[in-house]
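See below for the structure under consideration.
Quick caveat, the model's predicted, so the values are computed rather than measured.
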Number of protein chains: 2
Amino acid sequence: MKLRESYTCPLELVHDIIKGKWKTIIIFQLRNGKCSFSELHHSIAGITQKMLLEQLRELKHFGLIDKKTYDGYPLKVEYFLTGQGEKMLSAIKIMQEIGIDYMVEHGMTEILDEKGICY
Amino acid sequence: MKLRESYTCPLELVHDIIKGKWKTIIIFQLRNGKCSFSELHHSIAGITQKMLLEQLRELKHFGLIDKKTYDGYPLKVEYFLTGQGEKMLSAIKIMQEIGIDYMVEHGMTEILDEKGICY
DNA sequence: CCGTATCCGATCCGATACTG
DNA sequence: CAGTATCGGATCGGATACGG
């Protein structure tokens with residue numbers, strides 16, 4: 001969650017911002033616009049509530065996503081990408097392609113639909 | 001080093017391929033062509049021999065880089081990006097930009113030269 | 001110059017139970 | 001529905017020493 005005082009390389013900083021198992025997937029899930037906490041929770045296979053919340057908090061802290069809270073009951077919250085989040089998304093989309101390339105190359109295609117999107 | 005049998009998402013697979021503190025930096029260092037082991041070692045601030053070798057082995061195993069070994073003494077080895085490595089580089093370049101944006105935004109500019117390249 | 005091996009603290013992340 | 005707290009095993013990565 002905390003960055004260092006200084007870095008010798010921008011990539012080291014970015015690594016500290018998006019490291020971990022879930023952040024790229026969360027950003028990718030926000031590619032089509034706003035999502036509630038539970039939409040994210042249900043659309044990301046295998047993530048726990050704890051991890052999702054923790055990662056959302058960090059992504060917000062680093063300015064890749066933002067959220068809007070509506071008072072009332074039940075509580076309603078919407079998460080969405082910021083400008084920098086969109087920029088990160090453009091890198092993540094390339095990585096998605098690389099993943100699909102690898103899967104095709106190695107016969108791991110069973111999980112892909114015709115567009116290579118799996119959620 | 002080992003991937004799972006199957007993944008529910010291409011990004012999860014890519015994460016397993018490039019996770020860790022050093023891989024994106026190593027790929028970025030290879031952006032201008034071939035490098036020897038010691039060129040990489042000297043150009044990447046703070047990396048140990050152990051980590052560099054370990055990460056190079058994994059990157060090769062996953063097909064993002066390749067190497068050419070010349071017999072003779074002293075030993076000479078050259079590492080370079082494959083096609084998929086170049087594709088990953090295009091994503092990494094975007095992340096580099098994001099890192100520079102963040103540094104500029106947060107007054108961490110002291111390490112950047114006029115092009116934002118620090119090695 | 002290039003590559004290998006081991007030890008060990010730090011961190012990550014899943015499971016689980018609980019609150020507003 | 002959204003968010004918090006704690007515990008413990010697995011993994012990561014730095015230090016260090018050795019080998020082709």
Donor + acceptor pair across side chains of A:Y79, A:D66 (<3.5 Å): no

Does one side chain, of A:S90 or A:E86, offer a donor that lies under 3.5 Å from an acceptor on the other? no

At 4.0 Å (heavy atoms only), tell me whether B:G46 reaches a base, stays on the sugar-phosphate, or touches nothing. nothing

So what does A:Y79 touch, heavy atoms closer than 4.0 Å: a base, only the sugar-phosphate, or nothing? sugar-phosphate

Could you go through the salt bridge (charged side-chain N to carboxylate O under 4.0 Å, His left out) check for B:K2 and B:D16 one step at a time? CA-CA 8 Å; B:K2 270 186 98 66; B:D16 277 353; over 6 Å; no

For residues B:Y102 and B:M108, determine if any side-chain heavy atom of one lies less than 4.5 Å from a side-chain heavy atom of the other. yes

Between B:E39 and B:S43, does a side-chain hydrogen bond (donor to acceptor under 3.5 Å, both in side chains) hold up when you go through it step by step? CA-CA 6 Å; B:E39 280 168 351; B:S43 63; over 6 Å; no

Contact boundaries of DNA chain D with chain B (under 4.0 Å, heavy atoms), 5' to 3'? D:dC12 to D:dG20

When the nearest nucleotide of DNA chain C is assigned to A:T48 and to A:K19 on a heavy-atom basis, which residue is associated with the more 5' position? A:K19

Give the nucleotide from the list C:dG14, C:dC1, C:dG3 with an atom nearest to the side chain of B:Q49. C:dG3

Quick one, which residues of residues 54-68 of chain B touch DNA chain D with a heavy atom under 4.0 Å? none

Shortest non-hydrogen pair, A:L59 vs A:K23, comes out as CD2-CD, 3.5 Å

Axial cation check for B:F62 ring with B:K60, 6.0 Å and 45° limits: no

Name the nucleic acid region contacted by B:T69, choosing base, sugar-phosphate or nothing; use a 4.0 angstrom heavy-atom cut-off, strictly under. nothing

Ignoring backbone atoms, test whether A:K50 places a side-chain nitrogen or oxygen under 4.0 Å from the OP1 or OP2 oxygen of C:dC13. no

